[in-house]
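For reference, the structure discussed in these notes is given below.
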There are 2 protein chains.
Amino acid sequence: MPKKSFLPIVRELVRCYQAFEAHSAGHIRSMGLTPPQFDIIATLGNTAGMSFKELGEKTLITKGTLTGVVDRLEAKHLVGRSASPTDGRSQIVRLTAKGEELFGKVFPTHINHVGRAFMNYSATDLKQAESTLRQLRAALAGIEESA
Amino acid sequence: MPKKSFLPIVRELVRCYQAFEAHSAGHIRSMGLTPPQFDIIATLGNTAGMSFKELGEKTLITKGTLTGVVDRLEAKHLVGRSASPTDGRSQIVRLTAKGEELFGKVFPTHINHVGRAFMNYSATDLKQAESTLRQLRAALAGIEESA
DNA sequence: TATTGTTATACTCTATAACTATA
DNA sequence: TATAGTTATAGAGTATAACAATA
């Protein structure tokens, strides 16, 4: 297999993400949040809340860091903590009414804005891009185990 | 155009990048660097050096931050500064011998490791994935201007 | 003993703005 | 006046490890 042929893919992947992230981060900061904070709001949206453990697994934020990020969101009254009814060690994090409002108002705007990028995509293009990325993700996820 | 159909693409893109980044960051830290530091090493590799301005444009790191990151790499004796011969305000950053050695030794290893992900890709698959990502990048890059 | 979340430490990155020295 | 890079400031994320409470 030709060794260099995958390099453009990785390069383009990184650039795609950077292009997405550059826009995304700007919009996120315009609402007074950081990307990790938005990540948590988006993860908690449309759920009944979840434990720190689960939240950390979904957002890929480690527990020590997560405590700090949740602290800052709590200081902004966007999320709240409550004791788990089933496990005395566990805390449930969930959106407050203010957090729900932010999620409901800002998330669709955020999505719509990104959606403009796909104006010129046909339904077939969309399907094909999704399939390609799905395959790529499976491939990349395999790196760790094959190490 | 169906509004929701691009969401899986964005989601997969983020996951692809995270999968890549998770592995990449681990490898980078194992050689005592941070991702931004590695970014600079990789950008300076195989060049005769470049100004802070150019380096900042290529790595998307703003000038104030860049000074600090370069300071840390200089403290590790991986890069050096020298006055620009043509512009008295400008500094040229380039890899030291130690920096070149690190680049020459570690970069190929890094690339090869990522390359394993593409073991099951045919030449056609590679071409197609690259083309899809290139198209996606162009689309995403257009978001800013259309805002 | 193992797990959940908190705390403590130390460092790096980040944005922003004021500053200098050259152009 | 504008530009290249530095410095200063304040905040936020990160990894890591030690810790308390509970399982």
Side-chain angles (χ1 to χ4, degrees), chain A residues 18 21-44 49-76 78-94, chain B residues 18 21-44 49-76 78-94:
Chain A
Q18 283 176 343
E21 187 63 13
H23 169 264
S24 188
H27 191 213
I28 285 168
R29 267 191 307 127
S30 78
M31 49 192 183
L33 298 176
T34 64
Q37 287 168 14
F38 182 80
D39 199 0
I40 287 176
I41 300 286
T43 303
L44 292 176
M50 61 190 75
S51 69
F52 271 82
K53 179 180 165 58
E54 193 179 350
L55 190 53
E57 283 164 357
K58 299 211 181 204
T59 58
L60 305 178
I61 299 174
T62 53
K63 58 182 181 176
T65 303
L66 192 54
T67 295
V69 180
V70 169
D71 282 349
R72 274 159 232 129
L73 286 173
E74 199 168 19
K76 289 172 186 156
L78 294 172
V79 307
R81 276 175 239 237
S82 53
S84 163
T86 60
D87 188 331
R89 298 167 301 181
S90 187
Q91 296 280 317
I92 303 299
V93 191
R94 79 187 89 220
Chain B
Q18 283 175 343
E21 187 62 14
H23 169 264
S24 189
H27 192 214
I28 285 168
R29 267 191 306 125
S30 78
M31 46 191 186
L33 298 177
T34 64
Q37 287 168 14
F38 181 81
D39 199 0
I40 287 176
I41 300 285
T43 303
L44 292 176
M50 62 190 76
S51 69
F52 272 82
K53 179 180 165 57
E54 193 179 348
L55 189 53
E57 282 163 358
K58 298 212 184 204
T59 58
L60 304 179
I61 298 175
T62 53
K63 59 183 182 177
T65 304
L66 191 55
T67 296
V69 179
V70 169
D71 283 348
R72 273 158 233 131
L73 286 172
E74 199 169 20
K76 289 172 186 158
L78 295 172
V79 306
R81 274 177 242 235
S82 53
S84 162
T86 60
D87 187 331
R89 299 166 301 182
S90 186
Q91 296 281 317
I92 303 299
V93 192
R94 77 188 92 222

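Just so it is clear: chains get the letters A, B, ... in the order the sequence lines come, proteins before strands, and each one is counted from 1.
- In this structure, B:L55 CG and B:Q91 CD are separated by 12.5 Å, a value rounded to the nearest 0.5 Å.
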Next item on the list: Give the intermediate values and the outcome of side chain to side chain contact (heavy atoms under 4.5 Å, CB included) for residues A:R94 and A:L44.
Entry: CA-CA 6 Å; A:R94 79 187 89 220; A:L44 292 176; 5.6 Å; no

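- Counting non-hydrogen atoms under 4.0 angstrom, B:T65 reaches a base of the nucleic acid.
- Spacing between atom CG of A:L55 and atom C1' of C:dT4 amounts to 13 Å, rounded to whole angstrom units.
- Between the side chain of B:S24 and the main chain of B:E21, no donor-acceptor pair closer than 3.5 Å is present.
- The residue B:T67 sits close to a base: some heavy atom pair falls under 4.0 Å.
- Once rounded to the nearest 0.5 Å, the distance linking OG1 of A:T59 with CD1 of A:I41 reads 12.0 Å.
- Where B:F52 and A:T34 each meet DNA chain D at their nearest nucleotide, the meeting point lying more 5' is that of B:F52.
- Checked against C:dT16, D:dT6, D:dA12, the side chain of B:T62 finds its nearest nucleotide in C:dT16.
- Nucleic acid contact for A:G64: base, since at least one base atom lies under 4.0 Å from a heavy atom of the residue.
- As rounded to whole Å, 14 Å separates atom C1' of D:dG5 from atom CD1 of B:I40.
- The nearest whole Å value for the distance from the CG atom in A:D71 to the P atom in D:dA12 is 12 Å.
- Taking only side-chain nitrogens and oxygens, A:R81 comes nearer than 4.0 Å to OP1 or OP2 of C:dT6.
- Distance CD (A:Q91) to C1' (C:dT3): 14 Å, rounded to an integer number of Å.
- Between B:E57 atom CD and D:dA4 atom C1' the separation is 12 Å, expressed in whole Å.
- Atom pair A:K53:NZ and C:dA2:P shows a separation of 15 Å (rounding to whole Å applied).
- Along DNA chain D, the nucleotide closest to A:R89 and the one closest to A:V69 are compared, and the more 5′ of them pairs with A:V69.
- Atom-to-atom, NZ of A:K63 to P of D:dA18 comes out at 12 Å; the value is rounded to the nearest Å.
- At the heavy-atom level, B:S84 lies nowhere under 4.0 Å from the strands shown.
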Margin query: Evaluate A:F38 against A:H27 for side chain to side chain contact (heavy atoms under 4.5 Å, CB included), listing each step before the verdict.
Written below: CA-CA 10 Å; A:F38 182 80; A:H27 191 213; over 6 Å; no

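- Taking 4.0 angstrom as the limit, A:S90 places none of its side-chain polar atoms (N or O) nearer than this to OP1 or OP2 of D:dT22.
- The phosphate of D:dT16 has OP1 or OP2 within less than 4.0 Å of a side-chain N or O from B:R29.
- In this structure, A:E74 atom CD and D:dA12 atom P are separated by 15 Å, rounded to whole Å.
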